[in-house]
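Here the structure comes first, spelled out in structure tokens, and everything after it is commentary.
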There are 4 protein chains.
Amino acid sequence: MLTKQKKRNTIIQSALKLFSTKGFYNTTISEISEKMGVSVGNIYNYFPSKKSLAQASIRYVTNKLATELRYINSLEISQKEKIRHFVTVYLQFVHRNPEIIEYFFKVYLSNRELFCDKDDCGFALAKEFIDEVEFLVEKGVSEGEFEKIDFYMAFSLVTGILGSITFLNSENAFMKDLDTYIDDVSTLICKGLSR
Amino acid sequence: MLTKQKKRNTIIQSALKLFSTKGFYNTTISEISEKMGVSVGNIYNYFPSKKSLAQASIRYVTNKLATELRYINSLEISQKEKIRHFVTVYLQFVHRNPEIIEYFFKVYLSNRELFCDKDDCGFALAKEFIDEVEFLVEKGVSEGEFEKIDFYMAFSLVTGILGSITFLNSENAFMKDLDTYIDDVSTLICKGLSR
Amino acid sequence: MLTKQKKRNTIIQSALKLFSTKGFYNTTISEISEKMGVSVGNIYNYFPSKKSLAQASIRYVTNKLATELRYINSLEISQKEKIRHFVTVYLQFVHRNPEIIEYFFKVYLSNRELFCDKDDCGFALAKEFIDEVEFLVEKGVSEGEFEKIDFYMAFSLVTGILGSITFLNSENAFMKDLDTYIDDVSTLICKGLSR
Amino acid sequence: MLTKQKKRNTIIQSALKLFSTKGFYNTTISEISEKMGVSVGNIYNYFPSKKSLAQASIRYVTNKLATELRYINSLEISQKEKIRHFVTVYLQFVHRNPEIIEYFFKVYLSNRELFCDKDDCGFALAKEFIDEVEFLVEKGVSEGEFEKIDFYMAFSLVTGILGSITFLNSENAFMKDLDTYIDDVSTLICKGLSR
DNA sequence: CATGAATGAGTGTTCATTCAT
DNA sequence: GATGAATGAACACTCATTCAT
């Protein structure tokens with residue numbers, strides 16, 4: 001028997017796959033339960049609503065990405081190398097766990113209504129990840145590798161490029177393997193951040 | 001009395017506002033008709049389905065952006081200046097007609113199922129715009145202003161950054177007026193494209 | 001310019017074709033108007049409602065059939081010969097003006113709600129035809145050609161067989177030309193009516 | 001708790017009553033569910049669409065009739081006696097379960113579009129019944145009781161007369177109890193089939 | 001008379017959520 | 001906990017009818 005938390009994660013993983021491919025509103029609880037082989041009602045023993053499942057999913061996804069980036073940030077290498085590492089890891093995710101990345105772009109960024117409760121606008125759910133990006137950039141600035149620019153600009157550069165590539169990839173725009181672009185992408189980001 | 005085409009556009013504009021703020025699936029035809037002050041049925045005299053309204057909307061939006069960019073491309077100025085012009089126009093759109101831009105990012109990019117018919121995956125709907133970006137970049141390369149890089153990289157840079165900023169803005173992340181960022185954004189893009 | 005009555009008939013004829021093939025509820029006023037090349041609104045200048053158009057149609061159809069039968073009844077021939085004549089005419093109708101016959105069986109007999117107003121149950125609409133059948137049968141009885149049976153039995157025999165054949169024909173059940181069956185059908189009816 | 005199949009039948013029975021009295025297009029799923037005392041949605045747990053409910057209903061009806069006729073066909077009596085038996089049973093149905101019979105004539109025969117899928121024109125749904133009629137007639141011919149005539153003629157005779165009587169009865173045309181006509185009707189049919 | 005855009009009540013169908021077992 | 005039948009509000013879409021032009 002799985003622990004309660006383990007089962008929650010199993011549900012999240014099934015949900016992620018469906019949410020990321022078909023979108024939140026085109027995925028039914030029924031489909032998720034079928035995919036998992038459990039009953040509809042049972043899912044409600046773990047999540048009080050479809051919306052809360054979407055929120056738990058973004059926490060799960062953010063944590064995966066933040067964990068990777070946190071680890072990279074802990075390494076004793078230059079910030080540019082960190083960026084290259086992160087791009088590498090990111091593109092691997094896109095390839096091997098597209099649901100992780102696509103959930104971020106297809107559900108989280110596009111269905112804000114799902115993540116905003118009352119005053120909090122669901123930004124906090126991604127904070128863990130944003131903080132690591134901020135850490136990386138700031139360190140680069142303080143160490144003289146990067147130019148000091150508005151953080152939102154830096155953030156837009158990093159996530160914008162990665163997001164675009166994710167989208168193009170999901171549309172099968174790329175002929176070659178995504179790995180091929182590791183250099184291109186990290187260079188592009190570094191050029192933007194550098195002095 | 002409005003001409004048929006004019007009325008179609010009025011409907012599209014109402015739809016755009018709602019689709020872009022609430023998303024396609026959270027917007028009902030009933031809401032669109034109420035907002036317009038016409039009956040539900042009347043909308044169906046102009047568009048055979050909600051989906052087709054979404055498609056007409058993306059054509060409308062793409063055309064607006066492409067028209068601006070086409071005009072800029074026709075000017076006798078450097079490519080970097082063109083980029084600055086476009087960023088300016090773009091940020092003005094974000095400010096004055098957010099529905100145009102947000103529709104692109106919140107509906108078109110995230111609800112691909114709405115735009116894919118049979119074999120064609122709805123990419124064509126944005127071609128008009130993509131072509132102008134390509135033209136601008138290629139010209140920059142041939143005139144020695146930009147480095148020759150994979151077009152998808154260049155495209156990711158341009159739309160990724162603009163998309164990110166749009167998203168951050170819609171989340172009210174920016175303290176200052178968007179215009180303030182014209183320089184930052186165009187510099188960022190140009191740095192990425194330059195040699 | 002057509003007279004008012006002529007135009008009414010033109011509308012009825014278009015309606016008949018559609019009603020008889022697609023059924024009353026699957027035919028829209030819009031389709032009828034398109035088929036005729038007039039506007040929707042114009043139809044309402046001739047008939048106050050779709051239902052009233054259906055009623056006028058049955059009157060038209062009944063009259064066509066009754067007229068034929070009345071003519072046959074006026075001939076100085078045996079009743080059996082009359083039946084043969086009528087079967088011949090009927091099968092020709094089925095072949096050349098299927099809408100006439102099929103309207104009778106597909107709309108009139110199956111959508112009674114359309115023809116019943118208040119106390120009158122729409123039976124009167126077909127009376128003209130029923131009366132001629134009754135006349136033919138009674139004459140046959142009084143002249144000793146037919147056995148005296150309950151009129152409803154005789155009526156069921158005549159219209160039942162013809163109705164069945166109409167249905168089978170509309171399902172393309174018959175391999176051979178309908179004319180081929182003139183003898184079979186009239187013999188069948190006569191056998192039932194005879195002593 | 002009813003078994004799934006039992007519940008399907010309960011739904012079919014409710015649907016039959018409404019379809020047969022009001023017609024397919026005048027009956028709403030909502031009415032059926034109300035009549036049953038269940039929710040609208042629940043009906044969709046048993047039938048994927050209103051159309052499929054109509055198809056299941058004709059299967060149900062055909063089977064009821066075919067079962068009776070099959071039993072009669074199994075008896076060791078003359079074919080004429082079989083016909084009398086069947087007429088008896090049929091008229092009892094008309095009296096006690098009019099929805100069974102009227103569904104056949106008011107919905108199945110008049111709304112062909114509901115029963116035709118792709119190439120198959122829904123004729124198969126009634127095959128079970130048609131086959132038994134054919135068996136009865138053929139046996140009568142081979143045993144010398146009936147004349148050898150085109151099967152469609154024989155079929156038209158049998159179902160035509162019964163159909164007509166059903167219709168007249170539903171219009172309250174008959175003064176006397178339907179049972180009174182058992183002899184008349186079976187005699188009429190036998191006269192037509194005999195040598 | 002003729003037009004056809006506009007109306008809006010009505011229908012089939014979906015699906016998140018509940019709850020008796 | 002686990003099940004899945006039951007619920008019912010909600011929504012896309014239709015179409016008879018009206019009426020300003």
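Values in this document were obtained by computation on a predicted structure and should not be read as measured data. Reminder, nothing fancy here: chain letters follow the sequence lines and each chain counts from 1.
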Counting side-chain heavy atoms from C-beta on, which of [options] comes nearest to [X]?
X	options	answer
D/S49	E/dT17, E/dT13, F/dT3	E/dT13
A/I29	E/dT3, E/dT17, F/dT18	E/dT17
B/S39	E/dG8, E/dA2, F/dA5	E/dG8
B/K7	F/dA6, E/dA6, E/dT17	E/dA6

_Closest non-hydrogen atom pair between A/S57 and A/A15, with its separation_ =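 Closest pair (atom of A/S57, atom of A/A15, distance): OG-CB, 4.5 Å.
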_Residue whose closest nucleotide on DNA chain E lies nearer the 5' end, D/P48 versus A/V40_ = D/P48
*More 5' along DNA chain E: D/G41 or D/T28, using each one's nearest nucleotide?*
D/T28
When the distance from [atom1] of [X] to [atom2] of [N] is rounded to whole Å, what number comes out?
X	N	atom1	atom2	answer
D/I11	F/dT7	CD1	P	11 Å
D/Q5	F/dA5	CD	P	14 Å
A/M36	F/dG4	CE	P	14 Å
D/K50	E/dT11	NZ	P	9 Å
C/F47	F/dT18	CZ	P	16 Å
C/Y44	E/dC1	OH	P	18 Å
A/K51	E/dT17	NZ	P	10 Å
A/L18	E/dC15	CG	C1'	15 Å

_What verdict does the ring pair (Phe, Tyr, Trp, His ring centres under 6.0 Å) test give for C/Y108 and C/Y103, after you've listed the backbone C-alpha separation in whole Å, the side-chain angles of each residue and the deciding distance to 0.1 Å?_
CA-CA 6 Å; C/Y108 181 58; C/Y103 184 77; 7.9 Å; no
Do the charged groups of [X] and [Y] touch, with an N to O distance under 4.0 Å?
X	Y	answer
D/E31	D/K22	yes
D/R112	C/E171	yes
C/E128	C/R59	no

*If you look at every strand shown and take non-hydrogen atoms under 4.0 Å, does B/T27 touch a base, only sugar-phosphate, or nothing?*
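Touches sugar-phosphate only.
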_Inter-nucleotide P distance (E/dC1, F/dT21), Å rounded_ = 22 Å
Within the pair [X] and [N], is there a side-chain N or O less than 4.0 Å away from OP1 or OP2?
X	N	value
D/N42	F/dT7	yes
A/K4	F/dG1	yes
C/Y46	E/dA2	yes

_What verdict does the side-chain hydrogen bond (donor to acceptor under 3.5 Å, both in side chains) test give for C/Y25 and C/N111, after you've listed the backbone C-alpha separation in whole Å, the side-chain angles of each residue and the deciding distance to 0.1 Å?_
CA-CA 9 Å; C/Y25 293 106; C/N111 302 112; 5.0 Å; no
*Mate of F/dT18 where both pairing distances stay under 3.5 Å, Watson-Crick or G-U*: E/dA5
*Determine which nucleotide pairs with E/dT13, using a 3.5 Å limit on both distances of a Watson-Crick or G-U wobble pair.*
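Across any shown strand, E/dT13 pairs with F/dA10.
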*asked:* Pick the closest DNA chain F nucleotide for B/F24 and for A/I43 by heavy atoms, then say which residue is nearer the 5' end.
replied: A/I43
